[in-house]
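Sequence lines set the chain letters: A, B, ... in the order given, protein chains first and strands last, and positions in each chain run from 1.
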Amino acid sequence: EDKVVQSPLSLVVHEGDTVTLNCSYEVTNFRSLLWYKQEKKAPTFLFMLTSSGIEKKSGRLSSILDKKELFSILNITATQTGDSAVYLCAVEASGTYKYIFGTGTRLKVLA
Amino acid sequence: GAGVSQSPRYKVAKRGQDVALRCDPISGHVSLFWYQQALGQGPEFLTYFQNEAQLDKSGLPSDRFFAERPEGSVSTLKIQRTQQEDSAVYLCASSLALSYGYTFGSGTRLTVV
């Protein structure tokens with residue numbers, strides 16, 4: 001059965017800290033892995049990763065995929081209170097259109 | 001519109017009541033998806049449309065759930081005889097095409113009392 005596991009489930013840090021969020025997966029015929037940020041209700045897209053070892057960056061956020069070890073990490077440097085959210089990881093299998101989501105990591109950044 | 005629009009934002013239903021949730025996708029987006037997100041969980045797939053065709057409804061939890069997209073744009077998710085376990089946020093997403101990534105709407109929070 002396809003599944004996505006995220007860790008930690010929750011995390012509390014102080015502004016300026018660096019955090020690393022983990023996502024491991026088991027899926028038949030992997031196609032892509034996506035990271036979303038969910039603050040209120042609508043998940044907003046962060047990254048789509050398809051190739052191993054190629055880092056995607058957007059400001060203070062970066063992500064990388066390891067298709068051999070079946071995991072991805074999302075790094076946030078110099079965290080700010082506005083980074084407080086649930087970060088969702090999702091995987092798409094080739095030949096399907098469904099995303100399989102993990103339960104998310106709830107990040108709280110304290111001022 | 002600029003984004004995926006869902007209505008209502010919040011819905012409180014008495015157990016046994018029927019509800020209808022609306023999704024207005026981004027104009028021109030062929031693919032439309034419904035997901036259910038229970039409290040503290042990630043979204044779970046319900047159903048998928050390509051234009052007006054419902055190509056996959058394998059995620060619908062029971063025959064009380066029904067979705068349609070008759071003209072290939074607006075979609076409605078209907079839940080008949082709501083139960084407490086139906087309480088969740090229902091997210092709609094649309095995509096220009098498969099593998100383009102989704103844009104999610106803000107969801108409808110359904111509470112069944």
Side-chain angles (χ1 to χ4, degrees), chain A residues 1-11 21-27 29-51 56 58 63 72 74 85-108, chain B residues 2-11 21 23-26 29-51 53-60 88-111:
Chain A
E1 182 184 341
D2 297 340
K3 64 179 181 181
V4 176
V5 178
Q6 293 186 246
S7 64
L9 290 181
S10 64
L11 192 55
L21 310 183
N22 303 291
C23 175
S24 63
Y25 63 90
E26 292 178 25
V27 66
N29 298 325
F30 172 89
R31 184 186 187 102
S32 63
L33 183 145
L34 301 96
W35 284 97
Y36 282 86
K37 178 182 182 182
Q38 188 173 30
E39 292 178 86
K40 299 279 185 176
K41 282 194 283 188
T44 53
F45 173 80
L46 295 175
F47 299 111
M48 176 185 280
L49 303 156
T50 56
S51 301
K56 294 276 184 90
S58 177
S63 183
S72 173
L74 175 68
V86 174
Y87 290 84
L88 293 166
C89 173
V91 170
E92 180 190 9
S94 180
T96 76
Y97 33 75
K98 309 175 198 180
Y99 289 176
I100 301 164
F101 282 87
T103 55
T105 293
R106 182 175 297 278
L107 174 65
K108 187 171 179 64
Chain B
V4 178
S5 177
Q6 292 189 245
S7 61
R9 295 291 298 273
Y10 302 92
K11 176 69 178 177
L21 313 180
C23 172
D24 203 337
I26 294 173
H29 277 199
V30 168
S31 301
L32 185 145
F33 309 83
W34 284 97
Y35 279 76
Q36 180 191 56
Q37 187 173 23
L39 189 64
Q41 301 297 313
E44 291 194 1
F45 172 82
L46 293 177
T47 187
Y48 160 63
F49 290 86
Q50 183 173 312
N51 294 308
Q54 189 175 22
L55 299 187
D56 189 332
K57 55 182 181 179
S58 62
L60 297 177
V89 174
Y90 290 85
L91 293 165
C92 176
S94 71
S95 175
L96 186 61
L98 296 180
S99 300
Y100 271 62
Y102 299 172
T103 300
F104 281 93
S106 295
T108 294
R109 181 178 295 279
L110 172 65
T111 303

With a 6.0 Å cut-off (strictly less than), is the heavy-atom count around NZ of K57(B), excluding the residue itself, greater than 12?
no

Flag if over 12 foreign heavy atoms under 6.0 Å of CD, E44(B):
no

If one checks every heavy atom of Q6(B) against chain A at 4.5 Å, the contacting part turns out to be neither

Bottom line for T47(B): the part with an atom under 4.5 Å from chain A's heavy atoms is neither

Shortest non-hydrogen pair, G42(B) vs L88(A), comes out as CA-CD2, 4.2 Å

In terms of heavy-atom contacts, A42(A) and G105(B) come closest through CB-O, 3.1 Å

Interface check, chain A: of C92(B), S106(B), G59(B), G107(B), most non-hydrogen pairs under 4.5 Å belong to S106(B)

Hits for salt bridge (Lys or Arg N to Asp or Glu O under 4.0 Å) against K98(A), two or more places apart or cross-chain, chain-then-number order -> D56(B)

Cut-off 4.5 Å, heavy atoms of chain B, and the answer for Q38(A) is side chain

By ring-ring contact (aromatic ring centres under 6.0 Å, His included), Y35(B) pairs with (sequence neighbours left out) F101(A), F45(B), Y102(B)

